[in-house]
Structure formats: C-alpha cells, structure tokens
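First comes the structure, then the notes that go with it.
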2 protein chains.
Amino acid sequence: MSPRPPLNAPERGDARTRLLEAARDLIRASGFASTSVDDLCRAAGVTKGAFFHHFESKEALGVAVAEFWSQTTGALFAAAPYHEPADPLDRVLAYVAFRRALIDGDRAAYTCLAGTLIQEVHDSSPAVRAACGRAILDHAATLEADIEAARSQRGIRGDWTAQSLARHTQAVLQGAFILAKAGDDAALARESVDHLERYIRLLFGAPGGAP
Amino acid sequence: MSPRPPLNAPERGDARTRLLEAARDLIRASGFASTSVDDLCRAAGVTKGAFFHHFESKEALGVAVAEFWSQTTGALFAAAPYHEPADPLDRVLAYVAFRRALIDGDRAAYTCLAGTLIQEVHDSSPAVRAACGRAILDHAATLEADIEAARSQRGIRGDWTAQSLARHTQAVLQGAFILAKAGDDAALARESVDHLERYIRLLFGAPGGAP
DNA sequence: CGCACCATACCGTCCGGTCGGTATGGCGTC
DNA sequence: GACGCCATACCGACCGGACGGTATGGTGCG
C-alpha cells in the first residue's frame with residue numbers, strides 16, 4: 001500500500017511526504033472537502049501528476065494522511081517525557097499535562113487531524129472514517145497500561161474500566177478543541193483539560209483533586 | 001427578515017424553514033462543504049431560485065442554520081423535564097442523564113450541528129464560526145445557574161468556576177460524539193458521559209461518585 | 001531498455017451564483 | 001368591489017469557473 005522507504009534520503013522528503021504534510025496542515029485548517037487537490041499540490045510544490053502517481057484518488061489520500069498522522073503523532077508521544085515518572089498515576093497525570101502544554105499558538109497547529117477529518121467523512125467515506133477511528137482509539141490504548149497499573153497499585157475499584165477512562169481522555173481533548181474554536185480562544189481548551197486532570201486526581205484520591 | 005405567514009397554508013411550512021431543516025440534516029450527515037446547494041434544494045423540495053431568494057449565499061445559510069439550531073434546541077432543552085428537581089445538583093445530574101438518553105439511534109440524529117459545522121469553517125468563515133460558537137456557549141451558559149446554586153448550597157469551594165464546568169460538559173459531549181464516530185458505536189459516547197456524571201458527583205461529594 | 005517519478009495539457013462534470021420571468025395577495029383609491 | 005400597483009415568493013434555465021481525474025510524454029537511473 002505504501003512501499004516507499006527511500007534509500008537515498010532526498011532533500012526535505014519526497015513528494016509523497018510533502019503532500020502528506022501539506023494535507024495535514026491544510027485539512028486541519030480548512031477541512032477535507034474544502035481542500036482541493038490543486039491546493040495540496042501548490043502547497044507541496046508538486047504537480048497533479050505527482051499527486052495521482054502517489055494516491056489513486058483524493059479519498060485514498062485521506063486514508064493515507066490519517067495513517068501518516070497516526071504514525072507521526074505516535075512517534076511524538078512515544079518519545080515524550082511523560083513516560084519518565086516511576087509512579088504510573090504520575091505518568092497519566094504527566095500525559096495530561098503534556099497535552100495541555102501542547103495547546104497554544106495557532107489553532108490549526110494543536111488540533112487533531114483525525115478528529116476534524118472524521119467529523120466530515122464519517123458517513124461518506126468508510127475507509128477514511130476507519131483510519132481516523134484507528135488513529136484515535138489506538139492512541140487511547142497507549143494510556144491503558146498506565147491507568148490499569150495506577151488502579152491496581154492503589155487498590156482503586158469502581159464501575160469504570162481503564163479502557164473507558166483512556167478513551168474519555170481523548171473525548172475531552174477532542175471536545176476541548178471544539179470549545180477553543182467556539183470561543184476563539186485556546187484557554188477554553190486548557191480549562192477543559194484542567195477539569196480532566198481534576199477528575200483523574202479525584203478518581204485516584206490524589207492530592208490536588210479536592211474540590 | 002422572515003415575514004411569511006402564507007394565508008393559503010402550503011403544506012409543510014414555507015420554503016425557508018424546509019431549507020433550514022434540510023440543511024440541518026444534510027450537514028450533520030455529510031458536512032457543510034460536501035452538501036451542495038442543489039442537494040439542499042432537492043431535499044427541501046424547492047428550486048434554486050427559492051434558495052437564493054431566502055439566503056444571499058451558501059455561507060449565509062450556514063449562519064442561518066446555526067441560529068436555527070440554537071433556537072430549536074434551546075426550546076427543546078427549555079421544555080425538557082430535567083429542570084424539575086428541587087435540588088440544583090439533581091438538576092445538573094438530570095441534565096447529564098437527559099443528554100445521555102438522547103444518544104441513541106442514528107449518528108446524524110444525535111450529534112451537534114454546531115460542533116460539526118464549526119470544525120469545518122472555523123477559519124474560512126468567521127460569521128459561521130461566530131454563530132456556532134454562540135450556539136454552543138449560550139447553551140453552556142444555561143447550566144451555570146444550577147451549577148452555581150449547587151455549589152453554594154453545598155459549600156463547595158475549589159479552583160474552578162461554574163462557567164468553566166458548564167463549558168466542560170459541552171466539551172465532553174462534543175468529544176463523545178467524535179468518539180462515537182471513531183468507534184462507529186454510540187456506546188462510546190455514552191461511556192464518556194458516564195465519566196462526566198461521575199466527575200460531577202465527585203466534585204460535589206454526591207452518592208454514586210465513589211471510585 | 002525499463003521502470004519509477006513527475007510535468008503538462010486537457011476533459012467532463014458539478015458547483016455556487018445570476019437573471020428574467022411568473023404567480024399571488026395585500027392595499028389604497030374611487 | 002373593481003382596479004391599478006407593487007412587494008414578496010418562487011421558478012428554472014443558464015453561466016463561468018473550479019473540481020477530481022486522465023492521457024501522454026519527458027527524464028534520470030539502474
């Protein structure tokens with residue numbers, strides 16, 4: 001599907017990568033349908049021939065950019081410092097703090113491609129929907145182990161699962177981005193993340209969670 | 001702006017209303033850019049002439065449908081039974097339960113028009129963005145009084161405001177809709193709403209919030 | 001040569017928007 | 001109440017441009 005491991009590292013990435021980067025940026029800013037193939041080619045500095053050489057259709061690009069998003073953000077989070085604390089709950093809280101710290105500057109720079117993309121195409125393109133869904137749920141799954149470890153370490157019970165809490169963190173983040181757009185202010189997003197942090201502290205009886 | 005009380009009742013309301021209803025349904029299902037003016041006219045059973053008679057552009061329809069959404073959902077929530085409990089905290093929890101109960105059946109039937117619309121046009125159409133932002137934040141504001149009453153009644157302090165918690169409920173709901181699309185399952189949305197309810201119970205020390 | 005990679009010109013369709021025209025009904029005048 | 005006048009509501013053919021996609025050809029490299 002994507003057999004492109006270029007051996008001779010070409011400057012600034014090849015056309016395919018540049019198209020994916022352009023798609024990531026333009027779709028986050030303007031949406032999928034509003035971003036034309038010509039826009040993408042112009043932003044990537046390539047021509048239409050290159051586009052349809054690498055992607056058999058615009059929809060195929062949608063799938064590819066969702067997978068690209070999943071891989072690049074996956075690498076970013078895997079290398080992030082929030083894994084360092086020895087206490088699993090501290091790692092979960094550090095993840096939340098890391099996500100909050102990412103929310104600043106331009107909107108299109110901190111919002112989630114998968115979240116915006118899936119809203120548009122959820123019923124018109126099953127392939128893109130599935131790719132975005134995997135990106136979101138796979139990322140959520142990376143939090144489950146720490147949540148479960150924190151839970152068993154502290155003997156926390158309750159009628160919730162580590163999986164559902166992990167997914168809830170993603171729901172809060174996705175919703176936070178929408179609130180930031182609604183109020184035209186990134187602070188609204190950070191406030192929701194603050195509530196998420198407070199919730200987790202309360203769930204685990206950690207300091208700082210007192211109402 | 002809309003002085004149309006036709007005396008010879010033409011079946012099913014006037015064209016403007018039918019166009020707004022069609023826009024609400026089609027945009028929720030397919031997004032704004034993917035819904036053409038012809039699609040809207042076909043769904044509403046009117047012609048293009050009628051469309052541009054009532055709306056000077058497609059963007060103007062976007063603004064109008066966001067306001068239409070705000071008014072119709074505002075009336076729905078104003079008349080909903082969650083206002084009945086005497087205890088303000090019970091009213092807040094009843095609101096959350098009401099929202100959870102709304103999440104079933106078809107995705108396009110329970111998702112939020114303003115949330116999906118604002119994701120697409122937040123930087124390409126300031127007017128539509130503002131209208132959607134108002135719809136979301138005005139609705140959040142309707143919860144503030146009950147939250148504040150619950151807080152002072154129970155003597156709850158803490159470093160959060162009623163406004164931020166009201167907005168957080170909307171963030172969770174918006175994010176829950178995205179999760180439902182990601183997993184192609186409304187249950188994912190309900191799970192996030194469950195976490196929201198648990199958070200509120202924990203904040204107020206209410207029964208059922210124990211982890 | 002053969003193949004991957006890409007450029008350019010082009011095609012048919014669909015899109016948002018325009019425009020001339022019609023039907024209807026309220027209203028003032030006599 | 002008959003008539004002229006006009007605003008509102010709506011129709012549907014049409015336009016120019018943008019859209020996704022294709023066909024063809026060039027170029028460098030093993």
Side-chain angles (χ1 to χ4, degrees), chain A residues 1-23 26-27 29-65 117 120-121 124-125 127-128, chain B residues 1-23 26-27 29-65 68 117 120-121 124-128:
Chain A
M1 192 61 78
S2 63
R4 276 300 343 269
L7 296 191
N8 58 339
E11 313 294 334
R12 290 211 56 254
D14 56 340
R16 182 185 148 94
T17 301
R18 291 210 310 277
L19 279 166
L20 289 172
E21 291 168 345
L26 294 183
I27 292 172
S30 307
F32 184 69
S34 300
T35 302
S36 72
V37 174
D38 285 327
D39 289 339
L40 292 167
C41 293
R42 207 172 309 124
V46 302
T47 60
K48 235 165 180 180
F51 184 98
F52 286 100
H53 172 73
H54 290 289
F55 308 102
E56 72 171 9
S57 67
K58 193 189 175 188
E59 185 184 1
L61 168 89
V63 175
V65 76
L117 194 44
E120 252 189 279
V121 301
S124 56
S125 171
V128 179
Chain B
M1 195 56 81
S2 64
R4 268 308 337 273
L7 295 191
N8 61 339
E11 315 294 335
R12 303 197 45 244
D14 60 340
R16 184 185 149 92
T17 302
R18 292 210 309 277
L19 278 166
L20 288 172
E21 290 168 347
L26 294 184
I27 292 172
S30 307
F32 184 70
S34 300
T35 301
S36 72
V37 174
D38 285 326
D39 289 339
L40 292 167
C41 293
R42 207 173 306 122
V46 302
T47 61
K48 228 166 186 177
F51 183 98
F52 285 99
H53 172 72
H54 289 288
F55 308 101
E56 73 170 7
S57 66
K58 192 188 177 190
E59 184 185 2
L61 168 90
V63 175
V65 76
F68 177 72
L117 194 45
E120 251 188 281
V121 301
S124 57
S125 170
V128 179

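For the numbers below, each heavy atom of this structure counts, side chains included, while hydrogens, waters and symmetry mates do not. Naming: A, B, ... by sequence-line order, numbering from 1 per chain. Not measured: the values here are computed from a predicted model.
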Using atom [atom1] of [X] as one end and atom [atom2] of [N] as the other, report the distance to the nearest whole Å.
{"X": "B:Arg18", "N": "D:dA9", "atom1": "CZ", "atom2": "C1'", "result": "12 Å"}
{"X": "B:Leu19", "N": "D:dC11", "atom1": "CG", "atom2": "P", "result": "10 Å"}
{"X": "B:Phe51", "N": "D:dC10", "atom1": "CZ", "atom2": "C1'", "result": "14 Å"}
{"X": "A:Phe52", "N": "D:dG20", "atom1": "CZ", "atom2": "P", "result": "7 Å"}
{"X": "B:Leu40", "N": "C:dG17", "atom1": "CG", "atom2": "C1'", "result": "14 Å"}
{"X": "B:Asp38", "N": "D:dC15", "atom1": "CG", "atom2": "C1'", "result": "14 Å"}
{"X": "B:Arg42", "N": "C:dG16", "atom1": "CZ", "atom2": "P", "result": "11 Å"}
{"X": "A:Lys48", "N": "C:dC10", "atom1": "NZ", "atom2": "C1'", "result": "10 Å"}

Counting side-chain heavy atoms from C-beta on, which of [options] comes nearest to [X]?
{"X": "B:Ser57", "options": "C:dA7, C:dG17, D:dG20", "value": "C:dG17"}
{"X": "A:Ala50", "options": "C:dC6, D:dC19, D:dA13", "value": "C:dC6"}
{"X": "B:Val46", "options": "C:dG17, D:dC11, C:dC15", "value": "D:dC11"}

Between [atom1] of [X] and [atom2] of [Y], what distance do you get to the nearest 0.5 Å?
{"X": "B:Glu120", "Y": "A:Leu117", "atom1": "CD", "atom2": "CG", "answer": "10.5 Å"}
{"X": "A:Arg16", "Y": "A:Glu21", "atom1": "CZ", "atom2": "CD", "answer": "11.5 Å"}
{"X": "A:Thr35", "Y": "A:Leu61", "atom1": "OG1", "atom2": "CG", "answer": "9.5 Å"}

Are the side chains of B:Val46 and B:Cys41 in contact, using a 4.5 Å heavy-atom criterion?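 They are in contact (side-chain heavy atoms under 4.5 Å apart), so the answer is yes.
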Would you call A:Leu20 and A:Phe55 a side-chain contact if the rule is heavy atoms closer than 4.5 Å?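 Heavy-atom side-chain distance check passes, below 4.5 Å.
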Determine the contact category for A:Thr47: base if any of its heavy atoms lies under 4.0 Å from a base atom, sugar-phosphate if only primed atoms, P, OP1 or OP2 are that close, otherwise nothing.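 Base, at least one base atom sits under 4.0 Å.
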Determine the contact category for A:Lys58: base if any of its heavy atoms lies under 4.0 Å from a base atom, sugar-phosphate if only primed atoms, P, OP1 or OP2 are that close, otherwise nothing.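 It contacts sugar-phosphate atoms only.
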On DNA chain D, nearest-nucleotide positions of A:Thr35 versus B:Gly45: which is more 5'?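 Taking each residue's closest nucleotide, the earlier one in sequence belongs to B:Gly45.
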Please confirm whether the shortest side-chain N or O distance from B:His53 to OP1 or OP2 of D:dC11 is below 4.0 Å.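 False: B:His53 side-chain N/O out of range (4.0 Å or more) of D:dC11 OP1/OP2.
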